[in-house]
Amino acid sequence: MPRAFITGITGQDGQHLAQFLHDQGYDVYGMVKGQSNPRIAAVLEEMPFIETVPGDLADLPSLVKAIEVSQPDEVYNLGAISFVAMSFNQAELTANITGLGVLRMLEAVRMVGGAENNPIRFYQASSSEMFGKVRETPQTEATPFHPRSPYGCAKVFGHDIVVNYRESYDMFACSGILFNHEGPRRGIEFVTRKVTNAVARIKLGLQQEIVLGNLDSKRDWGYAGDYVKAMWMMLQADEPDDYVIATGQTHSIEDLVERAFAEVGIEDWRPYVRQDPKFFRPAEVDLLIGDPSKAKRELGWEPDVSFPELVSMMVRNDLEIEAKKAGIAL
Ligand code: GDP
């Protein structure tokens, strides 16, 4: 059986990818940080097939050991400090984990795997946040980066060091420049899940309003389940390369809010939404829209789930969760 090693296994993408690779017949190893990681128990309950391996993106020797123990054919580096808003407050930590963590992971793979004798294939989770103050629309693999947050800056370093290791050491290393991707496993701090969860609670009478920041920024939102498949497809290609993974469509936060409320039959959402400066960011990414044509042409990848389907899936999921928690029959 092929073996896959995943960092960030307790995150949204780590969970989707673990399930996908398991279904493909992989042995799945997940790196877990800390002695009592709060999220791993819930993940293992759902996916008991995951073999956990201790390791920390801040600690190169632990990564070398983790790769030695799991002997993977494929490494997926999804671990990161991933919340843009938090990266402004913890900029150095973000640079260390989200940026330098990539270098450490590549180095561990290079030390253990060796390029010629055991070419471990490496996937790096690059991000559309690297485009930031966008230089052109839509964004492609050739669009220059202009990150707008410590998170975006750290991801640019990670992206560049993957290209550098590929060119310097002939490693099979790929970056997926993934645009925002969401789903029922998304953390509540991200705007999609924050909105769908609040809409469900408002519908059930458990909450009065939702407090948001900037409603004008636009994102190219896809479904995480579609996007992890693209990660895997990149590592099955003949040559390593970088790919934009996106839907090619963009929506404002206001569109998201409107559609989520409409899903529960509320047409006028304005009385339920308040804005608070505390949710605005020191620098904003105004508009993201990706051009996924290279991934379609070279990998045969296309997203299945549309934006309305995604919002509907997330609202229905939150309705079920919140109704169950509150003991309300739907
Ligand atoms: P990001 O694209 O990785 O930063 O994903 P987020 O889901 O955190 O944010 C997407 C956009 O939603 C950004 O432009 C935010 O400024 C905007 N936004 C507006 N209100 C909120 C809010 O209350 N929480 C979050 N997380 N984002 C918000």
Side-chain angles (χ1 to χ4, degrees), residues 8 11-13 78-91 94 97-99 125-134 137-139 145-156 158-159 176-202 207-224 227 244-247 249-261 269-270 272-290 307 310-311 313-315 318:
Q12 167 185 257
D13 291 4
L78 313 184
I81 305 287
S82 66
F83 187 39
V84 172
M86 193 182 110
S87 79
F88 285 98
N89 296 324
Q90 301 196 342
T94 303
I97 304 303
T98 307
S126 283
S127 164
S128 57
E129 291 289 321
M130 300 189 303
F131 296 123
K133 194 169 180 194
V134 298
T137 298
Q139 295 87 51
F145 300 138
H146 187 146
R148 293 275 278 171
S149 62
Y151 171 82
C153 294
K155 282 286 182 187
V156 169
H159 186 87
I177 307 175
L178 269 52
F179 282 61
N180 297 55
H181 45 288
E182 319 292 315
R185 297 180 193 273
R186 194 52 146 157
I188 201 90
E189 67 274 27
F190 291 87
V191 75
T192 49
R193 187 76 197 283
K194 181 173 172 181
V195 167
T196 61
N197 182 265
V199 164
R201 290 176 56 83
I202 288 168
Q207 185 173 324
Q208 306 301 317
E209 62 171 10
I210 171 168
V211 186
L212 293 170
N214 183 2
L215 299 184
D216 298 327
S217 60
K218 292 184 162 176
R219 291 290 183 273
D220 178 332
W221 280 296
Y223 172 51
Y227 285 35
V244 161
I245 301 298
T247 69
Q249 289 179 10
T250 195
H251 298 272
S252 67
I253 313 300
E254 193 171 317
D255 292 342
L256 163 73
V257 168
E258 188 173 290
R259 193 162 281 282
F261 274 102
W269 51 270
R270 290 190 185 273
Y272 300 98
V273 175
R274 187 160 61 83
Q275 281 179 285
D276 187 322
K278 96 172 171 216
F279 291 112
F280 284 74
R281 293 170 182 184
E284 179 64 285
V285 173
D286 296 320
L287 165 70
L288 288 176
I289 177 164
F307 178 70
L310 175 65
V311 176
M313 177 202 304
M314 292 179 70
V315 170
D318 277 315

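Reckoned from all heavy atoms, side chains included, excluding hydrogens, waters and symmetry mates. Whatever order the structure lists them in is the order used to number ligands and atoms, beginning at 1. Sequence positions, counted from 1, serve as the residue numbers for this chain. Since we're looking at a predicted model, the values are computed, not measured.
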Over 12 non-hydrogen atoms of neighbours within 6.0 angstrom of CD in Glu209: yes

Kindly say whether Ala246 contributes a backbone atom to a donor-acceptor pair with the side chain of Asp220 at under 3.5 angstrom? no

From the options Lys194, Glu284, Arg281, Glu189, select the one whose nearest heavy atom is closest to atom 6 (P) of ligand 1. Arg281

Could you tell me the residue and atom name of the protein heavy atom closest to atom 13 (C) of ligand 1, and the distance to it rounded to 0.1 Å? Arg219 NH2, 3.4 Å

If you count heavy atoms of other groups shown closer than 6.0 angstrom to NZ of Lys194, is the number above 12? yes

Paired with Asp318, the salt bridge (Lys or Arg N to Asp or Glu O under 4.0 Å) test is passed by just one of Arg201, Arg186, Arg193, namely Arg193

Evaluating non-hydrogen atoms only, which member of Asn180, Ile188, Asp286, Val191 is closest to atom 7 (O) of ligand 1? Val191

Using the ring of each side chain (for Trp, its six-membered ring), is His159 parallel, tilted or perpendicular to Phe145, with breaks at 30° and 60°? perpendicular

List the closest protein heavy-atom neighbour of atom 20 (N) of ligand 1: residue, atom name, distance to the nearest 0.1 Å. Gly213 N, 2.8 Å

Under 4.0 Å from a heavy atom of Phe279: which atoms of ligand 1 are those, numbered in the order shown and with their elements? 23 (O)

Determine whether any heavy atom of Phe83 lies closer than 4.0 Å to an atom of ligand 1. yes

Write out the residue and atom name of the closest protein heavy atom to atom 14 (O) of ligand 1, then the distance separating them to 0.1 Å. Ser217 OG, 2.6 Å

Of all heavy-atom pairs between Leu287 and Gln139, which one has the smallest distance, and what is that distance? O-NE2, 4.3 Å

Considering heavy atoms of the protein only, find what lies nearest to atom 11 (C) of ligand 1 and give residue, atom and distance to 0.1 Å. Ile253 CD1, 3.6 Å

Please check if atom OH in Tyr272 has more than 12 non-hydrogen atoms from other residues, nucleotides or ligands closer than 6.0 Å. no

Evaluating non-hydrogen atoms only, which member of Asn214, Val84, Leu288 is closest to atom 19 (C) of ligand 1? Asn214

Quick one: nearest non-hydrogen protein atom to atom 1 (P) of ligand 1, plus distance? Glu129 OE2, 3.5 Å

